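Data block below; observations after.
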Amino acid sequence: MSNSAESTSQRPLRVAIVGAGPAGVYAADILTKSNEVKGGDFEVSIDLFEAYPAPYGLIRYGVAPDHPRIKGIVNALHKVLDRGDIRFLGNVTYGRDLTLHDFRAFYDAVIFSTGAIKDADLDIPGIDLEGSFGAADFVSWYDGHPDVPRDWPLDAKEIAVIGNGNVALDVARMLVKHADELLVTEIPDNVYKGLKNSPVTDVHVFGRRGPAQVKFTPLELRELSHARDVDIVLYPEDFEFDEASDEAIRRNNQTKTMVNTMTNWLVEEHAEAEEPSSRRLHLHFLHSPVEIYGSDSDDGGSGKVAGIKFERMQLDGTGNVKGTGEFIDYPVQAVYRAIGYHGSALDELEYDARRGVIPNEGGRVLDAEGNPVPGIYATGWIKRGPVGLIGHTKGDALETIGFLLEDRLTLPPAKNPDPQAIIDLLEERGIEYTTWEGWNRLNAHEAALGAAWTESAGADGVVRERIKVVPREEMIEISRA
């Protein structure tokens, strides 16, 4: 390997992006399509690293498989990576397989787009009881994440989901939906079998504020009504609106649409068919969680989740809420907190533990003194926190890439910018990295599994486009065949 730094004016600018979810792919795409690159001011050479053997990050491992729009996002990301001007290197973990020192040696700039995969904490008594779960862990399970257990305890008949965002609705829908309806998605067989055997009858979703302050979107709300043999249950006492709520309904079409949808459901409840559904999805508002309580265990401990206590809230005129002093208990055997995600610290970089982000200014990563670290950038949720929809990461990437372009003439040059050098290092360390060609093999394999299942189903008529492979070792073996 050469130890001399070659002038970036005489070679392509070498850029590493750590994290191959939407944020990372968008950043790579925006950089390659920038006016400076298209105009011939300089060339760029991008390597996109991913800790998992497959690309797409949040799209593959963080979104419910029955979302209709996800396929469109996957297709868009696929087109970007399939062009051939961005190199994908999967199954490479930052901080373990490669250090910041390594990236500095082979790249002029590094962009971190590692997202946020942990659950935000909920500090109430009983949160650690058996049967109390973080939504992120459940999402990872039903999305076939390679690093989580294959089994999930689905033995509760009554379940509480705390949160009023899209993830809360995803979790509730996956819990209450009949498993056979999910066969048309890519869910792994172990997930199908687990959900198929679930005894659930009632899933309760609790929000702290009112119907006009929810954080989910109309699409996620409408999808609730598509579940077969599931009644949606709402409560008239939750539909109280203060001045700020009325103003939000008047000014925001999205809020107006969702409130109207739920109000219509509330009215229609009394006109449902005489035959009740076998499962119910309850939407509660103005409930603030106070305590999860358990049943006594054989050893005298608090045992498993037996119920959850809420304080009834009321709107205060500004759209915020205050407690009423009235408390309500709900008997449940499982609780899922879906109150947000939290980013994780990265080796050798500063970390804001409160916000779960890498400290940065517009994407320029900052050191302990608050000064920009030359050549180090961030984008996506690890940059701004886990808020907004997937498409919002495009704006993040645009801002970050703008600063990278602005800094490009003063970036610390890589000691060894040869694209082959990083491959040599990975092989020298025995890292079983995967490639874009490997993903295409795995993609084809998952599609073949779906086709084989469809053929074996025969007259049942269920068509499965693909079945997701779960074990990391199998994903690597297929990708590197």
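The chain is numbered in sequence order, starting from 1. The structure displayed is predicted, hence computed values, not measured ones.
E220 places no side-chain N or O within 3.5 Å of a backbone atom of L169 that could act as its donor or acceptor partner. Of the possible donor and acceptor atoms, one in the side chain of D367 sits under 3.5 Å from a partner among the backbone N and O of N371. E348 places a side-chain N or O within 3.5 Å of a backbone atom of L100 that can act as its donor or acceptor partner. Formation of a donor-acceptor pair under 3.5 Å by the D119 side chain with backbone atoms of A135 is found in this model. Although no hydrogens or angles enter the test, the distance criterion places no donor-acceptor pair under 3.5 Å between the side chain of T454 and the main chain of V463. The backbone N or O of I127 sits less than 3.5 Å from a side-chain atom of S132, completing a donor-acceptor pair. Of the possible donor and acceptor atoms, none in the side chain of E36 sits under 3.5 Å from a partner among the backbone N and O of L405. Using modelled atom types, no side-chain atom of D316 and backbone atom of K322 make a donor-acceptor pair closer than 3.5 Å. Side-chain atoms of Q333 come within 3.5 Å of backbone N or O of K157 as a donor-acceptor pair. Judged by distance alone, the side chain of E311 and the main-chain N or O of G325 form a donor-acceptor pair under 3.5 Å.
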Just do the side-chain hydrogen bond (donor to acceptor under 3.5 Å, both in side chains) check on T217 and Q254 with the steps written out, would you?
CA-CA 7 Å; T217 53; Q254 179 167 296; 5.8 Å; no
Apply side chain to side chain contact (heavy atoms under 4.5 Å, CB included) to residues F49 and D47 and explain how you reach the verdict.
CA-CA 6 Å; F49 290 87; D47 286 343; 3.7 Å; yes
Could you go step by step and tell me if T114 and V18 meet the side chain to side chain contact (heavy atoms under 4.5 Å, CB included) rule?
CA-CA 6 Å; T114 51; V18 182; 4.0 Å; yes
Decide yes or no on side chain to side chain contact (heavy atoms under 4.5 Å, CB included) for L182 and Y142, but give the supporting numbers first.
CA-CA 11 Å; L182 296 167; Y142 69 58; over 6 Å; no
Could you check V80 against T32 for side chain to side chain contact (heavy atoms under 4.5 Å, CB included), going step by step and ending with a plain yes or no?
CA-CA 10 Å; V80 172; T32 59; over 6 Å; no
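Summarising the geometry, atom CD1 belonging to I339 is positioned 4.5 Å from atom CG belonging to L122; distances are rounded to the nearest 0.5 Å. Atom CG of residue D180 and atom CG of residue L195 lie 10.5 Å apart, to the nearest 0.5 angstrom. Interatomic distance, I111 CD1 to I17 CD1, rounded to the nearest 0.5 Å: 4.5 Å. In this structure, the separation between CD1 on I232 and CH2 on W265 is 4.0 Å, given to the nearest 0.5 Å. Between H178 atom NE2 and R228 atom CZ the span is 5.5 Å, to the nearest 0.5 Å. Rounded to the nearest 0.5 angstrom, Y330 OH and E158 CD are separated by 12.0 Å.
The residues K394 and D29 are annotated as not salt-bridged, no charged nitrogen and carboxylate oxygen being separated by less than 4.0 angstrom. Ion pairing between D189 and K193 fails under the 4.0 Å rule for side-chain N and carboxylate O. In summary, D229 and R279 do not engage in a salt bridge, as defined by a charged side-chain N under 4.0 Å from a carboxylate O. Salt-bridge formation is not detected for the pair R209/D242: no Lys NZ or Arg NE/NH1/NH2 atom is positioned less than 4.0 Å from an Asp or Glu carboxylate oxygen. Under 4.0 Å is where a charged nitrogen must lie from a carboxylate oxygen, and between E237 and R312 no such pair does. Classification of E406 and R364 as a salt-bridged pair holds, one side-chain N sitting under 4.0 Å from a carboxylate O. Using a cutoff of 4.0 Å between basic side-chain nitrogens and carboxylate oxygens, D82 and K79 are not scored as salt-bridged. Taking a cutoff of 4.0 Å between a charged side-chain nitrogen and a carboxylate oxygen, E446 and R60 qualify as a salt bridge. With respect to the salt-bridge test (charged N to carboxylate O, under 4.0 angstrom), the residues K309 and D329 qualify.
Within the 4.5 Å cutoff, the side chain of Y26 has no heavy atoms near those of the D396 side chain. Counting only heavy atoms from C-beta outward, the side chains of I117 and H145 never approach each other to under 4.5 Å. Side-chain contact between Y235 and F285 is absent, with no heavy atoms from C-beta onward closer than 4.5 Å. Using a 4.5 Å cut-off on side-chain heavy atoms (C-beta onward), D66 and M174 make contact. Side-chain contact between Y94 and D347 is present, with heavy atoms from C-beta onward closer than 4.5 Å. Between V139 and V171, some side-chain heavy-atom pair lies under the 4.5 Å cut-off. Residues W152 and W141 are in side-chain contact: their nearest non-hydrogen atoms beyond the backbone lie under 4.5 Å apart. Here the side chains of S113 and I382 are not in contact, with every heavy-atom distance at 4.5 Å or above.
Ring-plane geometry between Y341 and W381 is classed as tilted, the angle between the planes lying from 30 to 60 degrees on a 0 to 90 degree scale. The aromatic rings of F206 and H204 sit parallel to each other, their planes meeting at less than 30°, with 60° as the upper class boundary.
Open room surrounds CD on E243; 12 or fewer heavy atoms of other groups in view lie less than 6.0 Å from it. Within a 6.0 Å radius of CD in E247, other residues, nucleotides and ligands contribute more than 12 heavy atoms. Around CZ of R83, the count of heavy atoms belonging to other residues, nucleotides or ligands within 6.0 Å exceeds 12.
Side-chain contact, H342 with D121: no donor N or O sits under 3.5 Å from an acceptor N or O. No hydrogens or angles considered: nothing links the side chains of N360 and R384 as a donor-acceptor pair under 3.5 Å. Remark: the H67 side chain and the E223 side chain contain an N/O donor-acceptor pair separated by less than 3.5 Å.
Among the candidates V205, L154, L281, the single residue satisfying the side-chain contact (heavy atoms from CB on, under 4.5 Å) test with L175 is L154. Remark: of the listed residues I308, N164, D238, D238 is the sole one forming a side-chain contact (heavy atoms from CB on, under 4.5 Å) with H287.
The two residues R222 and S225 have their closest heavy-atom pair at O-OG, 2.7 Å. Nearest heavy-atom pair across I46 and A28 is CD1-O, 3.7 Å. When all heavy atoms are compared, the tightest approach of I187 to I467 is O-CG2, 3.9 Å. Here the closest heavy-atom approach between residue G165 and residue F216 is recorded as C-CB, 3.8 Å. For G144 against V470, the heavy-atom pair with the smallest separation is O-CG1, 3.8 Å. Across I124 and I292, no two heavy atoms sit closer than the pair CD1-CG1, 4.0 Å.
Checked against the 6.0 Å centroid criterion, the rings of F310 and H284 do not qualify as a close aromatic pair.
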